[in-house]
Visitor: 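Structure in structure tokens, see below.
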2 protein chains.
Amino acid sequence: MNGRLKSVFGGRIVLDKREDILQAALELFAERGYYGTAVSLIAEKARVGSGTIYRYFQDKEQLVNELYRYWKTEVANAVKVEYAENMPLRTLFHETWKRWVDFAMNNREAYSFLVAHHHGPYLDKVSMEINEKIHGEYLAFFEVGRQAQVIKDINPELIMAIVTGIFSEMMREYWAGHLQLTPEIIEQAEEACWHAIRR
Amino acid sequence: MNGRLKSVFGGRIVLDKREDILQAALELFAERGYYGTAVSLIAEKARVGSGTIYRYFQDKEQLVNELYRYWKTEVANAVKVEYAENMPLRTLFHETWKRWVDFAMNNREAYSFLVAHHHGPYLDKVSMEINEKIHGEYLAFFEVGRQAQVIKDINPELIMAIVTGIFSEMMREYWAGHLQLTPEIIEQAEEACWHAIRR
DNA sequence: AATTTCGGACTGAACGTTCATTCCGTATGA
DNA sequence: TCATACGGAATGAACGTTCAGTCCGAAATT
């Protein structure tokens with residue numbers, strides 16, 4: 001996914017144009033949005049002919065969906081914490097928060113892309129199923145916390161909205177240049193978020 | 001703004017097509033987005049010829065900006081609380097939260113429109129200045145709370161991100177059909193939000 | 001009162017542009 | 001020689017915008 005990957009084809013080493021296209025599309029979609037990005041622009045940035053894109057992707061819609069699924073899965077894996085026996089939920093939350101911030105700051109384009117396309121009408125059934133699957137996993141986590149009487153006894157969907165709302169708005173303000181994100185401030189945000197959901 | 005307003009012209013009562021156009025555009029932009037809405041579609045919904053739109057608005061961009069400014073100001077006025085002497089900040093927050101929810105639920109299209117277009121590249125200088133002005137007023141409120149040691153001693157921009165993040169994500173989940181918004185749940189969300197920002 | 005003229009709101013076909021997608025000639029390696 | 005990869009001009013649909021003409025109430029004229 002870094003545009004310089006190679007693949008072996010018939011014993012020959014070849015630049016993988018498919019990766020170039022995906023990387024160029026990621027950056028352009030994140031910056032300009034789906035409708036604001038012409039296919040010819042993606043081709044130019046990836047240094048391929050526009051026809052070449054259609055050798056690798058059925059159409060523009062399949063391209064954006066492939067990107068979406070890939071990065072959605074990536075971020076889900078990135079925030080996953082290997083669960084240790086008896087780990088307090090507060091600690092689990094802290095670890096997850098940390099990973100989430102790390103991912104967003106180290107993969108700005110991917111994170112921006114995901115946020116901007118999360119509700120796009122061009123997302124297909126498969127992408128939406130992935131969304132719901134991951135959403136469900138997080139819900140289950142909050143349900144556990146509720147049962148353990150650590151988290152407020154309210155609808156887990158609301159808990160979820162609180163956490164994702166705080167996080168995404170924080171990142172948005174950061175990228176808009178209105179808010180610095182020092183380790184101290186990141187911790188303050190985490191603390192505030194926890195205060196919102198803890199019992 | 002309800003598409004049935006009338007204006008008097010030369011002693012004669014006439015349907016105000018300008019209002020029809022604004023209302024049609026509001027609904028379509030909210031539902032389909034700016035790029036997803038063809039001008040001809042707005043014309044059809046407003047029952048006017050597409051040329052008529054250009055009698056009232058310079059172009060599509062001016063139309064979306066006019067809508068944005070109007071509703072941004074409307075919501076700002078709608079949530080404003082007449083401040084009574086010695087009113088606790090917690091009460092002020094409660095009143096504001098209530099008004100905000102009321103506005104969003106009673107003006108779904110307008111609220112969705114504002115959220116969806118808040119960062120659109122077609123917003124002009126005037127619209128962005130209105131944004132910053134209103135943003136600044138809210139920041140000042142949180143600054144007062146901080147000085148009074150009622151609200152956490154952290155960057156007001158972060159406080160702001162927390163409150164708007166929770167609210168907008170809550171409304172999103174509501175309109176997606178994932179979350180009911182009973183008075184009880186609305187209060188739980190308000191309470192959680194306050195927990196996040198109180199000292 | 002009846003008829004004509006006038007102004008401008010209004011329409012929608014037409015225009016030029018942009019875009020996603022296709023097509024085909026060329027290049028490359030087997 | 002053949003098959004495949006590739007580039008980019010060509011294609012046609014869709015879009016925002018324009019403009020020549022239509023329509024209609026009001027004013028002017030008879």
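So that the names make sense, note that chain A is the first sequence line, chain B the second, and so on, each numbered from 1. A quick note: this is a predicted structure, and the numbers were derived from the prediction, not measured.
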Visitor: State, yes or no, whether a side-chain contact exists between A:Ile185 and B:Ile154 at a heavy-atom distance under 4.5 Å.
Guide: no

Visitor: Could you note down all residue pairs passing ring-ring contact (aromatic ring centres under 6.0 Å, His included) where residues 142-164 of chain B supplies at least one of them, sequence neighbours left out?
Guide: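 Output for this query is empty, none listed.
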
Visitor: For the aromatic rings, using the six-membered ring if either is Trp, is the centroid distance between A:Trp71 and A:Phe113 under 6.0 Å?
Guide: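 No - the distance between ring centres of A:Trp71 and A:Phe113 does not fall below the 6.0 Å cut-off.
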
Visitor: Between the side chain of B:Lys72 and the main-chain N/O of B:Leu114, is any donor-acceptor distance below 3.5 Å?
Guide: no

Visitor: Of the listed nucleotides (C:dA13, C:dC10, D:dC6), which one gets closest to any side-chain atom of B:Lys17?
Guide: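 It is C:dC10.
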
Visitor: Supply the atom-to-atom distance A:Ile186 CD1 to A:Leu181 CG, rounded to the nearest 0.5 angstrom.
Guide: 5.0 Å

Visitor: Which of residues 52-61 of chain B have a heavy atom under 4.0 Å from DNA chain C?
Guide: B:Thr52, B:Arg55, B:Tyr56

Visitor: Can you run down the salt bridge (charged side-chain N to carboxylate O under 4.0 Å, His left out) pairs that involve residues 158-178 of chain B, sequence neighbours left out, and say none if there aren't any?
Guide: B:Glu169-B:Arg172

Visitor: Nearest-Å distance, CZ (A:Arg18) to C1' (D:dA5)?
Guide: 15 Å

Visitor: Enumerate the residues from residues 28-40 of chain B whose closest heavy atom to DNA chain C is under 4.0 Å, giving them by residue number; use none for an empty result.
Guide: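 The stretch gives none, as no residue of it lies under 4.0 Å from the strand.
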
Visitor: Name the pairs: protein N/O against N/O of nucleotides 15-18 of chain C, kept only if under 3.5 Å.
Guide:
none

Visitor: More than 12 heavy atoms of other residues, nucleotides or ligands under 6.0 Å from CZ of A:Arg47: is that the case?
Guide: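 For A:Arg47, atom CZ is not crowded (no more than 12 foreign heavy atoms under 6.0 Å).
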
Visitor: Round to the nearest Å and state the distance from A:Asp16 atom CG to D:dA5 atom P.
Guide: 12 Å

Visitor: Please examine the side chains of A:Phe57 and A:Asn65, heavy atoms only from C-beta on, and report whether any two atoms are closer than 4.5 Å.
Guide: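 A:Asn65 does not reach A:Phe57 side chain to side chain.
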
Visitor: Mind jotting down which residue pairs meet the side chain to side chain donor-acceptor pair (under 3.5 Å) criterion with at least one end in residues 29-39 of chain A? Sequence neighbours excluded, please.
Guide: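 Passing the test, one end in residues 29-39 of chain A: no pairs.
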
Visitor: Whole angstrom is fine here: how far is it from CD in B:Glu44 over to C1' in C:dT11?
Guide: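 After rounding, the gap between these two atoms is 14 Å.
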
Visitor: So which of B:Val48, B:Ile21, B:Leu63, B:Asp20 actually passes side-chain contact (heavy atoms from CB on, under 4.5 Å) with B:Tyr56?
Guide: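 Among B:Val48, B:Ile21, B:Leu63, B:Asp20, the one that satisfies the side-chain contact (heavy atoms from CB on, under 4.5 Å) with B:Tyr56 is B:Ile21.
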
